[in-house]
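Everything below concerns the one structure shown next.
FYI, side chains are in, hydrogens and waters are out, and symmetry mates aren't considered; it's all heavy atoms of this structure.
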Amino acid sequence: MLECKICGCKFNAVEERHYISRDNGKSGLAVAFGSEPEEKLYDTFDCPSCGCQIVVQERKRIYIPCCETCEEDEE
C-alpha cells in the first residue's frame with residue numbers, strides 16, 4: 001500500500017496507475033558527444049486523490065549479455 005506524503009491518501013499500487021519516469025538530463029547533441037551517465041529510471045504512481053507524483057523506487061535496466069563466444073561457435 002502506498003501513501004501520499006502530501007494529502008495522506010493510501011492506495012494500492014496497481015498496474016493501471018504505474019508508469020516509468022526519469023531524471024531530467026541533457027538531450028540532443030550534448031548526449032551524443034558527452035560521456036555523462038544515463039538518467040536514472042523510477043517506478044512511479046500518481047496519487048488518485050490529489051494527483052501528486054509518488055516515486056517508489058529506482059528501476060534497473062534489463063541486462064542483455066553480449067555473447068561473443070556464441071558467435072565464434074557458429075563459425
Side-chain angles (χ1 to χ4, degrees):
M1 175 125 348
L2 299 175
E3 182 176 359
C4 179
K5 294 178 184 176
I6 305 303
C7 71
C9 176
K10 293 182 181 182
F11 62 96
N12 290 324
V14 294
E15 187 176 350
E16 291 81 27
R17 291 194 185 116
H18 175 258
Y19 60 96
I20 298 170
S21 59
R22 65 180 171 88
D23 284 333
N24 291 330
K26 295 179 181 179
S27 62
L29 291 175
V31 174
F33 296 111
S35 61
E36 298 286 323
E38 295 181 17
E39 294 93 18
K40 291 182 180 180
L41 300 175
Y42 301 95
D43 285 311
T44 311
F45 296 85
D46 287 340
C47 174
S49 179
C50 69
C52 286
Q53 188 178 62
I54 299 168
V55 176
V56 181
Q57 66 180 11
E58 184 177 342
R59 186 175 185 91
K60 302 294 183 183
R61 289 173 173 76
I62 296 173
Y63 175 69
I64 302 172
C66 178
C67 186
E68 293 178 15
T69 57
C70 295
E71 293 172 6
E72 292 173 1
D73 292 341
E74 291 176 3
E75 295 174 358

Run the side-chain donor-acceptor check on residues 9-17: report pairs under 3.5 Å with partners two or more places apart or on a different chain.
none

Give the table of side-chain donor-acceptor pairs shorter than 3.5 Å for residues 41-49, with sequence neighbours excluded, one pair per line with atom names and distance.
unit_1	atom_1	unit_2	atom_2	d
Y42	OH	D23	OD1	3.4
Y42	OH	D23	OD2	3.2
D43	OD1	H18	NE2	2.7
D43	OD1	R59	NH1	2.5
D43	OD2	Q57	NE2	3.4
T44	OG1	S21	OG	2.5
T44	OG1	Y42	O	3.3
D46	OD1	Y19	OH	2.7

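Taking a 4.5 Å side-chain heavy-atom cut-off between Ile, Leu, Val, Met, Phe, Trp and Tyr, the cluster of I62 extends to I64.
Residues E39 and R22 come closest through the heavy atom pair OE1-NH1, 3.9 Å.
For the atom pair I6 CD1 and C50 SG, the distance stands at 6.5 Å (nearest 0.5 Å).
Looking at residues two or more places apart in sequence or on another chain, you find a side-chain contact (heavy atoms from CB on, under 4.5 Å) between Y63 and P65. Evaluation of the salt bridge (Lys or Arg N to Asp or Glu O under 4.0 Å) rule for K5 yields no partner, not counting sequence neighbours.
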